[in-house]
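Reviewing the structure listed below.
Throughout, a chain's letter reflects where its sequence line sits, starting with A, and its residues are numbered from 1.
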Amino acid sequence: MPELPEVETVVTVLKRRILGLTIQNIDIYYDKMMDEDTKTLLIGKTISDITRQGKYICFHLNPYVLISHLRMEGRYFFKDIDEPKLKHEHVVFTLSDGLSLRYHDTRKFGTFDLRHLSDYKVVPPLSQLADEPFQIDPKALYKTLKSKHKAIKTALLDQSIIAGIGNIYADEILFSTRINPHRMTSKLTQKDTTNVVNAAILILNQAILSGGTTIRTYVSELGVSGRFQLKLMVHQREGEHCYVCGGSIVREVINGRSSFYCKTCQKR
DNA sequence: AACGAAACCTGCGCGC
DNA sequence: TGCGCGCAGGTTTCGT
């Protein structure tokens, strides 16, 4: 499901609902999702803050941080404790207000990592994370890209180069800057790089304002669903006409991911 | 260093 | 109706 804007939306909703609450119990229904040690250490802890770094959600539970990654299909729901557990609810947190926070994940790709508050940013997985478009220095990014030999589309998806961008927004950012997804990063100019950063900020912010995107309805909270407000220019539009030149949008696999672009607008 | 393929999982839509 | 295939917003791992 999520790229940075969707995760941001989830964090906003979670903060509104569970800040200051204490974890009274955790039920794990899929062993691989969370280990027993983590569960034991977290029971009795209070959620003092919830932050986001890239696509990771950080629950601050002094002296620990529970780091949650939704991967493709992870979602959080709030429900009454006595509501029956659904098939894809794998971790259920019982909170001190009497509600349960349920982690739902059809494909079971999501992860939970427990770290210490004192150093969680400098150990994996967060230590691998680059700056987000909002903070990244375009000059530093240009230098990084110059030193790599890979397609720009691949680089935008590499969280150690720039954090928070996923497959949808990578395509949209490249269309917006008229850069062909196959273009080698070493051939990008400083101006191209600055354009990419600016486009990323603009597009991600728009998506955050819409409460996340886009393709399927996604629910960040019971009763609050992601809307389809952000108009996608190229992603998932194979064979349709380009809104700018009228040409046909193509789909090609790059780095194992579907990539949509306009061959006329986005020259190599 | 970089690429591709496979792995981790499940469900959906499609053609036959 | 059923079956097999390809596809999915992410990331890691392994071989070349």
Side-chain angles (χ1 to χ4, degrees), chain A residues 1-11 29-34 52-57 67-76 86-91 103-113 124-130 132 143-175 181-187 200 203-204 206-208 210-220 225-239 251-260:
Chain A
M1 154 186 99
E3 300 184 33
L4 186 153
E6 290 75 21
V7 179
E8 178 71 21
T9 303
V10 170
V11 167
Y29 297 96
Y30 182 63
D31 295 347
K32 291 183 180 177
M33 202 64 83
M34 183 182 289
R52 179 190 59 69
Q53 219 175 307
K55 302 173 191 173
Y56 292 90
I57 299 167
I67 302 174
S68 162
H69 196 301
L70 306 173
R71 294 289 178 96
M72 301 286 261
E73 311 212 9
R75 304 171 178 189
Y76 282 101
L86 297 183
K87 183 178 178 184
H88 299 299
E89 290 174 352
H90 306 305
V91 182
Y103 179 70
H104 182 288
D105 190 341
T106 310
R107 292 170 75 182
K108 301 178 178 168
F109 282 176
T111 56
F112 286 97
D113 291 293
L126 297 193
S127 58
Q128 307 302 317
L129 220 48
E132 300 178 356
K143 208 174 157 188
T144 305
L145 293 180
K146 204 78 186 163
S147 71
K148 305 277 183 190
H149 192 73
K150 52 170 73 176
I152 179 63
K153 170 71 188 271
T154 304
L156 288 183
L157 294 180
D158 186 334
Q159 305 298 301
S160 71
I161 293 177
I162 187 167
I165 297 169
N167 205 31
I168 298 177
Y169 298 127
D171 283 354
E172 296 299 314
I173 289 163
L174 291 175
F175 177 77
H182 293 283
R183 178 103 56 91
M184 283 294 146
T185 54
S186 52
K187 290 180 70 179
I203 288 170
L204 295 181
Q206 276 183 331
I208 290 170
S210 322
T213 317
T214 29
I215 293 182
R216 295 190 232 159
T217 302
Y218 106 86
V219 180
S220 57
S225 55
R227 292 140 293 177
F228 293 69
Q229 294 176 355
L230 191 83
K231 185 165 187 178
L232 296 181
M233 302 294 282
V234 286
H235 194 79
Q236 291 249 315
R237 297 193 60 239
E238 181 180 16
R251 170 187 177 274
E252 285 168 16
V253 174
I254 300 174
N255 191 32
R257 313 294 303 276
S258 279
S259 302
F260 301 84

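One atom, CG of A:Asn255, and another, C1' of C:dT11, lie 11 Å apart when rounded to the nearest Å. One atom, CZ of A:Arg257, and another, C1' of C:dT12, lie 13 Å apart when rounded to the nearest Å. What separates CD of A:Glu172 from C1' of C:dG9 is a distance of 12 Å, to the nearest Å. The CD-C1' distance, from A:Glu8 to C:dG9, rounds to 17 Å in whole Å. What separates CD1 of A:Ile173 from P of C:dG9 is a distance of 15 Å, to the nearest Å. Following rounding to the nearest Å, A:Ile203 (CD1) and C:dG9 (C1') show an atom-to-atom distance of 15 Å. If you take CG of A:Leu70 and P of C:dT11, they are 10 Å apart, rounded to a whole angstrom. Note: CZ (A:Arg75) to C1' (C:dA8) measures 13 Å, nearest angstrom.
No contact: A:Gly256 has no heavy atom under 4.0 Å from any strand.
In this structure A:Gln206 satisfies the side chain to side chain donor-acceptor pair (under 3.5 Å) test with no other residue, sequence neighbours excluded. Under the salt bridge (Lys or Arg N to Asp or Glu O under 4.0 Å) criterion, A:Lys153 pairs with A:Asp171, not counting sequence neighbours. Residues passing the side-chain contact (heavy atoms from CB on, under 4.5 Å) test with A:Thr144, sequence neighbours excluded: A:Lys148, A:Ile161. In this structure, A:Ser127 has no side chain to side chain donor-acceptor pair (under 3.5 Å) partners at least two apart in sequence or on a different chain. Scanning for side-chain contact (heavy atoms from CB on, under 4.5 Å) contacts around A:Ala130 gives an empty result, with sequence neighbours left out. Residues meeting the ring-ring contact (aromatic ring centres under 6.0 Å, His included) test with A:Tyr29, sequence neighbours left out: none. Take A:Gln128 and apply the side-chain contact (heavy atoms from CB on, under 4.5 Å) test, not counting sequence neighbours, and it matches A:Pro124. With sequence neighbours excluded, the residues forming a side-chain contact (heavy atoms from CB on, under 4.5 Å) with A:Glu8 are A:Thr12, A:Arg52, A:Ile208, listed by chain and number. Residues that satisfy the side chain to side chain donor-acceptor pair (under 3.5 Å) test with A:Asp158, not counting sequence neighbours, are A:Lys150, A:Ser160.
The side chain of A:Ser258 contributes an N or O atom lying less than 4.0 Å from OP1 or OP2 of C:dA8. Under 4.0 angstrom from either OP1 or OP2 of C:dG10 there lies no side-chain N or O belonging to A:His69.
Comparing the P positions of C:dG9 and B:dA2 gives a spacing of 24 Å, expressed to the nearest Å. Comparing B:dT10 with C:dT1, their P atoms sit 24 Å apart, to the nearest whole Å. The P atoms of B:dC9 and C:dT13 are separated by 14 Å, rounded to the nearest whole Å. Atom name P, nucleotides C:dC3 and B:dC8: the rounded distance is 23 Å, in whole Å.
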Checklist outcome for this item: Base-pair string, DNA chain B, Watson-Crick plus G-U, cut-off 3.5 Å on both distances, | for inter-strand, is .|||||||.|||||||
Atom pairs, N/O to N/O, protein against nucleotides 7-11 of chain B, distance under 3.5 Å?
| residue | atom | partner | partner atom | Å |
| --- | --- | --- | --- | --- |
| B:dC9 | OP1 | A:Tyr30 | OH | 2.8 |
| B:dC9 | OP1 | A:Lys32 | NZ | 2.2 |
| B:dC9 | O4' | A:Arg107 | O | 3.4 |
| B:dC9 | O2 | A:Arg107 | NE | 2.9 |
| B:dT10 | OP1 | A:Lys108 | NZ | 2.9 |
| B:dT10 | O4' | A:Thr106 | O | 3.4 |
| B:dG11 | OP1 | A:Lys87 | NZ | 2.9 |
| B:dG11 | OP1 | A:His88 | NE2 | 3.0 |

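Nearest-nucleotide assignment on DNA chain C puts the 5′-proximal partner with A:Arg251, out of A:Pro125 and A:Arg251.
Relative ring orientation between A:Tyr30 and A:His90 is described as tilted, the plane-to-plane angle lying within the 30° to 60° band.
Between the A:Ser259 side chain and the A:Arg257 main chain, a donor and an acceptor come within less than 3.5 Å of each other.
Contacts between residues 157-165 of chain A and DNA chain C, defined by a heavy-atom separation below 4.0 Å, involve A:Gln159, listed by number.
Atom NE2 in A:His69 sits 10.0 Å away from atom CG in A:Leu126 (nearest 0.5 Å).
Of the candidate nucleotides C:dG9, B:dC3, C:dT11, C:dT11 has the atom nearest to the side chain of A:Lys55.
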